[in-house]
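One structure below.
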Amino acid sequence: MNSIADNIGSVTRRIQKATLAAGREPGCVRLLAVTKTRHPDELRTAAEAGQTAFGENYVQEAIDKMDALRDVPGLEWHFIGPIQSNKTRIIAERFDWVHSVDRLKIAKRLSEQRPASSPPLNLCIQVNIDDEDSKSGCSLADLPALARSISSLPGVTLRGLMAIPDPGQPERQLRQSFRQLADALKRLRDSDDLPGTPDTLSMGMSGDLDIAIAEGATCVRVGTALFGARPPKS
Ligand SMILES: *Cc1c(COP(=O)(O)O)cnc(C)c1O
């Protein structure tokens with residue numbers, strides 16, 4: 001089995017290769033280490049190997065790890081899971097980024113509950129690219145209005161868009177989904193009535209990060225390729 005440090009090295013090289021192949025600027029894609037179900041010691045090992053950004057899906061699990069790693073300076077915590085309204089306060093207080101905002105009610109609560117002593121919370125809107133009823137995410141049709149409303153909230157900064165396309169799709173379909181998200185960000189950036197300029201495309205995971213980078217990802221969210229297969233959730 002490879003060590004976490006080795007895996008960070010090989011994923012970083014994968015990112016560099018895909019960035020270069022796409023003719024994009026070196027260093028323009030960030031690696032977010034997705035650590036749901038992983039032990040705090042594994043995060044510590046990753047941090048010692050230079051990893052600073054960590055993504056978590058479950059609030060209480062994340063808070064426990066933040067507390068366990070309190071002595072490690074410079075870590076950045078990203079919330080990437082579904083958000084229940086009764087969890088917004090702790091998310092607003094403890095996280096640096098939220099990738100999974102898909103409705104105004106949640107964004108408003110995060111804005112109101114962000115401590116005045118903290119910088120605005122970085123938000124990405126999760127977009128439902130595949131249009132499956134079962135999945136979370138704002139529709140492409142509703143995105144412009146939601147983006148405008150979120151942009152006016154004082155406690156948060158709209159940084160970009162996130163999507164989780166169905167990974168079982170054929171590559172051509174997957175590429176199309178990533179491209180749709182990239183196009184949606186371009187349209188937001190081009191619109192005159194949006195204050196600020198969202199710059200983040202959070203897309204691509206262990207199996208498809210190369211395709212996502214070819215289509216413009218600026219942040220890839222990687223779990224399995226860094227830490228191995230996750231144990232089934234008990
Ligand atoms: C688990 C998860 C990932 C990481 O997936 P891997 O296939 O393990 O790389 C990325 N994004 C989200 C939203 C996740 O829940």
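For clarity, every value in this text was computed on a predicted model and none was experimentally measured. All ligand and atom numbering here is 1-based and tracks the order in the structure.
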Donor-acceptor contacts under 3.5 Å from residues 185-194 side chains, at least two apart:
| unit_1 | atom_1 | unit_2 | atom_2 | d |
| --- | --- | --- | --- | --- |
| R189 | NH1 | P198 | O | 2.9 |
| S191 | OG | L188 | O | 2.9 |
| D193 | OD2 | R148 | NH1 | 3.2 |

For residues 48-55, tabulate all N or O donor-acceptor pairs below 3.5 Å that involve a side-chain atom, not counting sequence neighbours.
| unit_1 | atom_1 | unit_2 | atom_2 | d |
| --- | --- | --- | --- | --- |
| Q51 | NE2 | L31 | O | 2.8 |
| Q51 | NE2 | A53 | O | 2.9 |

Could you tell me whether A225 and ligand 1 have an N or O pair separated by under 3.5 Å? no

Suppose I only count heavy atoms of I164 and a 4.0 Å limit; which atoms of ligand 1 are within that range? 13 (C)

Can you tell me the protein heavy atom closest to atom 9 (O) of ligand 1 and the distance? S206 OG, 2.5 Å

Proximal atoms of ligand 1 relative to T224 (non-hydrogen, under 4.0 Å): 6 (P), 7 (O), 8 (O), 9 (O)

For R221, the atoms of ligand 1 under 4.0 Å from one of its heavy atoms are 4 (C), 9 (O), 10 (C), 11 (N), 12 (C), 13 (C)

Nearest to atom 3 (C) of ligand 1 by heavy atom, M203, M205, Q126, E56: which? M205

Return yes if a side-chain donor-acceptor contact under 3.5 Å exists between D199 and T218, otherwise no. no

Going by the order shown, which atoms of ligand 1 are within less than 4.0 Å of some heavy atom of V222? 9 (O)

Which label fits H78 and W97: parallel for a plane angle under 30°, tilted from 30 to 60°, or perpendicular past 60°? parallel

Relative to atom 1 (C) of ligand 1, which among H78, M162, H99, K36 owns the nearest non-hydrogen atom? K36

Taking non-hydrogen atoms only, is I80 closer than 4.0 angstrom to ligand 1 via side chain, backbone, both or neither? both

Contact summary for A214 and R175, nearest pair of heavy atoms: CB-NH1, 3.8 Å

Can you name the nearest heavy-atom pair linking R221 to I164, along with the distance? NH2-CG1, 3.7 Å

Proximal ligand 1 atoms for G223, defined as those under 4.0 Å from one of its heavy atoms: 4 (C), 6 (P), 8 (O), 9 (O)

Nearest heavy-atom approach of G207 to R14 is C-NH2, 4.2 Å

Closer than 4.0 Å to some heavy atom of N57 - which atoms of ligand 1 meet that? 14 (C), 15 (O)

